[in-house]
Amino acid sequence: MSRYNARVTEPKWQKAWDDAQVFKAERDDSLEKYYVLEMFPYPSGRIHIGHVRNYTMGDVVARFKTARGYNVLHPMGWDAFGMPAENAAMEHNTHPGTWTRQNIAAMKEQMKPLGFSLDWSREFATCDPEYYGKQQAMFIDMLEVGLIYRKNAVVNWDPVDMTVLANEQVIDGKGWRSNAPVERKELTQWFFKISDYSDELLEALDHLPNWPEKVRTMQKNWIGKSQGLQFSFDLNGAPDGFDALEVYTTRPDTIFGASFAAISADHPLAKALESDPKVATFNADCRRMGTSAEAMEKAEKIGLDTGMTITHPFDPDLKMPVYIANFVLMDYGTGAIFGCPAHDQRDLDFAHKYGLEVKTVVSATGPDYEVGTEAFVDAGSIINSDFLNGLSIDEAKVEVISRIEAVGSGKGVTKFRLRDWGISRQRYWGCPIPVVHCDTCGIVPEKKENLPVKLPEDVTFDRPGNPLDRHETWRNVDCPKCGAAAKRETDTMDTFVDSSWYYARFTSPHAESPTDLAEAEYWLNVDQYIGGIEHAILHLLYSRFFARAMQKTGHLPKSAIEPFNALFTQGMVTHEFYASEVNNRTVYHHPSEVIRTSHGATLRSTGEEITVGPIIKMSKSKKNVVDPEDIIDQYGADTARWFVMSDSPPERDVEWTSAGAEAAWKHIQRIWRMADEISQSASDGVTTPDEALALLKATHRAIDDVTKGIEGFAFNKAIAKLYEFTNTLQKSKAGKADKQAAMLVMAQLMQPMTPHIAEEVWALMGGKGMVTTAPWPTLDPAMLIDDTITMPIQINGKRRSEIKVAKDLPKSEVEKLALADEAVIRALAGNAPKKLIVVPGRIINVVI
RNA sequence: GCGAGCGUGGUGGAAUAGGUAGACACGCCAGACUUAAAAUCUGUUGGCCGUAUGGCCGUGGGGGUUCAAGUCCCCCCGCUCGCACCA
């Protein structure tokens, strides 16, 4: 008996697939297409097991859809711009491009042995001038239609990376990469007008049923639509030019509960008062407070009474103080609010601190209700509010808005939390923004025939900041319009721009224009997108915006309005970690240095007891990383693929264990042994028609189960069913030909998960051609139906017995058989049952 | 604080539409083969009582609906993730 040798077999089949170009996708209007895409990797240098899981999922889908007759597009590329390349350049005195291209080559070498059904002819990296040049062309088009603009803005400045960050890239007040506290700085920046699409991006979420609810909710919250009233109070005692204070509220119904107004320290009015040193100091303090979550949570609500007052719009005698307050944000609404302490917790805290009136105006329990230490924010009816008394919150909102609109001091408005997307980055390793600054013509887009505006190669990273700024020959150019001396824009684009349209470029990766509309029309949208949940907002929202922006500029057909029809977010691969204390410092150990015992772990080299840490995401710092290359060397790609797909549901985290990997490997070996035994067995073995039929039925049940499992993204269940089928086949006493037929189906069903062993088994069993190109086995539904079924009998809801009955035995006959059952007779003890329930084909319940 | 999700044996996890809880796998235990080990194969494996036929308990906890609840309803507890001074 021969042993299965993955090291020989796997490269053999990979070469066979390559030679036959079976994964090359070509447009064919007579065929239905299927576009499956995994989030493309950043070329960090090595692939990790999380990549393996991600791409295996995509590969299973791609291979399955191919077998089902679809024309499948399954491409791969590289998200190749970004900070780490510059950091590496500084550290190792190399060029970001060199570093990146080496990494791409290395990672591709690691990916190839996994046997993914990728069309490598479509591969590109976002740092290819061919790609980013097309991006620059679209930038110019979008600039022309007003989707891009420049403005002076207070930006999130990362002092370590020395660049601007989008709001989305600030996490807990820190840079998402550097983890350094973000500073506020005023700069002129390029923006995409994503806010033009706030409403549409929100509404369209409802038409993405195959996106996870969670991701849709996150995007909804991020876009943050709110409806309210924007209106002006008359201001008393304000500096010249400020006779009104405009505020925004979502609770106009609580207008009679107002007792103060508060403005942001960045509000023009607050700035106008800064001649007063007290105000100047206070404002400066507010600005310094920072934006970190911890800082905000701890920060007390503080304010400074300006001495000014506002007049209540419905009660001219009521004057209320105006504060500058640290909890009011300048960039939401108007940067000013009216405070209604009874019905907003922040306002209540503030009012308590400064002794302001708390007037309850909404009550769920009658007109005498008074708010205590907690603001009342639930439904109720209006009290203490003149003409609003007795109305519901919603009725009162409508009433107040219409009265304010009638006097012309404000109007009902919709606001969004979503801000425009700032894309300027003061970095070298990104897509250059293709414009020129000319003293006479202003901002001039580069001529399209001059694209791409290539990054210069001769740059150094010995100083912080952007090397493009100091690159004289690159920077100094002639104005494309008037020809006078001018300067190139040195900002590059946020790398999220690169990843916002790569999916579209894959449909025509070498086209002269950014996209080929006919190709895009055929291949788009992506039918199945697979990636990590960490991109739930940024990447996925930007891509959705970009699809609309590209359509507006004629780069996408109308049908491709949403990039991704279905989204699947896969869980992480985790691993326990191992640690020990050396001189009061924690030292981590790689799994390969550790021997795992039943209760703990010891160090392989010294036998020293070490601590087993909890199961966490694999990370270099904790050394709990399993390198896919090691796994492939040891067991082969099929084992790695089979393991990452088994046991855990794909959306959940999966824990890598060596025992699990071993089990996967054993199964591959077992399949090979079985195939080998079948092929060498005597063809005239003993069999009966019953045995043959039973195996055939098991085969069709496996076809049904595995098909449903893959279609429903329940790969773990598909694999469990394949184990079951394997057990059945092994025990079967059917003849050689029957077993061969079953084993051929086994190869077909395993092919999406473990294509190499599947090819080998297919060939050994005499399958025609390659199993990779064979159609999916056809299900005969008749084979799923059994003539006799086993029905459990419950007595008072507890399973006590079972009977075998013909599938379509009438209910009355089933009842008779049930009552004749030994256990039932014993339980009844001669009495008649209170009730007898027969659910045809399912269960019998005898109630005593 | 708001939003979403989750909680099932020693472990990962199954369980269409309320109908046999624990599929499948790991681990453990026992047996076969072997001089021995590895590999492989076979069997057992939720807990408790019992020699056994069998019985009782059991899906985070408590209550409810139902002939029947992991699944539906109400209350509570715990964990994970996301958002968070957004007026």
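So that the names make sense, note that chain A is the first sequence line, chain B the second, and so on, each numbered from 1. Small disclaimer: the values here were computed from a predicted structure and weren't measured.
- With a 6.0 Å cutoff to the six-membered ring centre and a 45° limit on the axis angle, A:Lys415 counts as a cation-pi contact of A:Tyr248.
- Taken to the nearest 0.5 Å, the CE atom of A:Met645 stands 10.5 Å off from the OG1 atom of A:Thr754.
- For B:C56 and B:G7, the P atoms lie 29 Å apart once the distance is rounded to whole Å.
- Here the P atom of nucleotide B:A87 and the CD atom of A:Gln227 are 12 Å apart, to the nearest Å.
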At a cut-off of 3.5 Å, list every protein nitrogen or oxygen paired with a nitrogen or oxygen from nucleotides 78-82 of chain B, distance to 0.1 Å.
from: B:C81; atom 1: O2'; to: A:Lys214; atom 2: NZ; distance (Å): 3.2

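- Atom C1' of B:C28 sits at a distance of 13 Å from the matching atom of B:G9, rounded to the whole Å.
- Residues A:Arg670 and A:Gln730 bring a donor and an acceptor atom of their side chains to less than 3.5 Å of each other.
- Pair assignment for B:C83 gives B:G1, based on Watson-Crick or G-U wobble hydrogen-bonding distances that are each under 3.5 Å.
- A search for side chain to side chain donor-acceptor pair (under 3.5 Å) contacts involving A:Asp653 returns nothing, not counting sequence neighbours.
- A gap of 15 Å separates the P atoms of B:G61 and B:G78, to the nearest Å.
- A search for side chain to side chain donor-acceptor pair (under 3.5 Å) contacts involving A:Asp647 returns nothing, not counting sequence neighbours.
- Two residues are said to be in side-chain contact when any heavy atoms from C-beta on lie closer than 4.5 Å; A:Pro212 and A:Thr217 fail this criterion.
- The shortest distance between side-chain heavy atoms of A:Leu304 and A:Tyr323 does not fall below 4.5 Å.
- Using C1' as the reference atom, B:U8 and B:G70 are 7 Å apart when rounded to the nearest Å.
- Here the side chain of A:Val328 is nearest to one of B:U20, B:A87, B:C86, namely B:A87.
- Comparing A:Thr657 and A:Thr790 along RNA chain B, the residue whose closest nucleotide (by nearest heavy atom) sits nearer the 5' end is A:Thr790.
- Using cut-offs of 30° and 60° on the angle between ring planes, the pair A:Phe350 and A:Tyr354 is tilted.
- Shown here, B:C26 forms a base pair with B:G10; the pair counts as Watson-Crick or G-U wobble because both key distances fall under 3.5 Å.
- Between the P atom of B:A87 and the CZ atom of A:Phe231 lies a distance of 15 Å, rounded to the nearest Å.
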Between the protein and nucleotides 65-67 of chain B, are there any N/O to N/O pairs under 3.5 Å, and if so, what are the atom names and distances?
from: B:C67; atom 1: OP1; to: A:Lys835; atom 2: NZ; distance (Å): 3.3
from: B:C67; atom 1: O2'; to: A:Asn845; atom 2: ND2; distance (Å): 3.1
from: B:C67; atom 1: O2; to: A:Asn845; atom 2: ND2; distance (Å): 2.7

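- The aromatic ring centroids of A:His312 and A:Phe233 lie 6.0 Å or more from each other.
- Across all strands shown, B:G18 forms no Watson-Crick or G-U wobble pair with both key distances under 3.5 Å.
- Residue A:Ile843 contributes atom CD1, which lies 16 Å from atom P of B:U71 at whole-angstrom precision.
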For nucleotides 46-56 of chain B, which of its nitrogen or oxygen atoms have a protein nitrogen or oxygen under 3.5 Å away, and what is each distance?
from: B:C56; atom 1: OP2; to: A:Arg800; atom 2: NH2; distance (Å): 3.2

Distances for protein N or O near nucleotides 11-18 of chain B N or O, under 3.5 Å:
from: B:G12; atom 1: O2'; to: A:Ser648; atom 2: OG; distance (Å): 3.3
from: B:G12; atom 1: N2; to: A:Asp647; atom 2: OD1; distance (Å): 2.9
from: B:A14; atom 1: OP1; to: A:Asn716; atom 2: ND2; distance (Å): 3.3
from: B:A15; atom 1: OP1; to: A:Lys717; atom 2: NZ; distance (Å): 2.4

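- Comparing the same atom, C1', in B:C33 and in B:G55 gives a spacing of 40 Å after rounding to whole Å.
- If you check every strand for non-hydrogen atoms under 4.0 Å, A:Lys666 touches sugar and phosphate atoms only.
- The same atom, P, is picked in B:G47 and in B:A52; the two are 14 Å apart, to the nearest Å.
- Pairs passing the salt bridge (Lys or Arg N to Asp or Glu O under 4.0 Å) check and including a residue from residues 334-354 of chain A, sequence neighbours excluded, read A:Glu300-A:Lys353, A:Asp344-A:Arg346.
- By the rule that a glycosidic angle within 90° of 0 means syn, B:G47 does not qualify and counts as anti.
- Counting distance only, with no hydrogens placed and no angle test, the side-chain atoms of A:Lys301 and the base atoms of B:C85 include a donor-acceptor pair under 3.5 Å.
- A:Glu724 has its CD atom 8 Å from the P atom of B:A25, to the nearest Å.
- Rounded to a whole Å, the CD atom of A:Glu677 is 13 Å from the P atom of B:U40.
- Per the geometry, CZ belonging to A:Arg670 stands 10 Å off C1' belonging to B:C41, to the nearest Å.
- Considering only residues two or more places apart in sequence or on other chains, A:Arg216 meets the side chain to side chain donor-acceptor pair (under 3.5 Å) condition with A:Glu213.
- Applying the side chain to side chain donor-acceptor pair (under 3.5 Å) test to A:Ser801 and every residue at least two apart in sequence or in another chain returns A:Asp821.
- Note that OG of A:Ser198 and CZ of A:Arg419 are 10.5 Å apart. Values are rounded to the nearest 0.5 Å.
- Taking only side-chain nitrogens and oxygens, A:Tyr248 never comes nearer than 4.0 Å to OP1 or OP2 of B:A87.
- For the atom pair A:Ile703 CD1 and A:Phe725 CZ, the distance stands at 7.5 Å (nearest 0.5 Å).
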Side-chain donor-acceptor pairs of residues 654-668 of chain A under 3.5 Å, sequence neighbours excluded:
from: A:Thr657; atom 1: OG1; to: A:Gly660; atom 2: N; distance (Å): 3.0
from: A:Glu662; atom 1: OE1; to: A:Tyr635; atom 2: OH; distance (Å): 3.0
from: A:His667; atom 1: NE2; to: A:Thr726; atom 2: OG1; distance (Å): 3.4

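- In this structure, the side-chain contact (heavy atoms from CB on, under 4.5 Å) partners of A:Gln227, at least two apart in sequence or on a different chain, are A:Lys225, A:Thr414.
- Where A:Pro792 and A:Met330 meet RNA chain B, the nucleotide closest to each residue was compared, and A:Pro792 sits on the side nearer the 5' end.
- Taking atom CD1 on A:Ile795 and atom C1' on B:U20, their separation rounds to 13 Å, with Å as the unit.
- Only the C1' atoms considered, B:C79 is 29 Å distant from B:U65, to the nearest whole Å.
- In this model, the phosphate group of B:G19 is not approached by any side-chain N or O of A:Arg799 to a distance below 4.0 Å at OP1 or OP2.
- Checked against B:U40, B:A25, B:C86, the side chain of A:Arg346 finds its nearest nucleotide in B:C86.
- When both distances must be under 3.5 Å, the Watson-Crick or G-U wobble mate of B:C56 is B:G47.
- A:Asn5 is linked by a side-chain contact (heavy atoms from CB on, under 4.5 Å) to A:Arg7, A:Val8, counting only residues two or more places apart in sequence or in another chain.
- Within 4.0 Å (heavy atoms only), A:Asn727 reaches sugar-phosphate atoms of the nucleic acid but no base atom.
- In this entry the distance linking CG of A:Asp253 with P of B:A87 reads 13 Å, nearest Å.
- Look at the C1' atom in both B:U66 and B:G12: the space between them is 33 Å, to the nearest Å.
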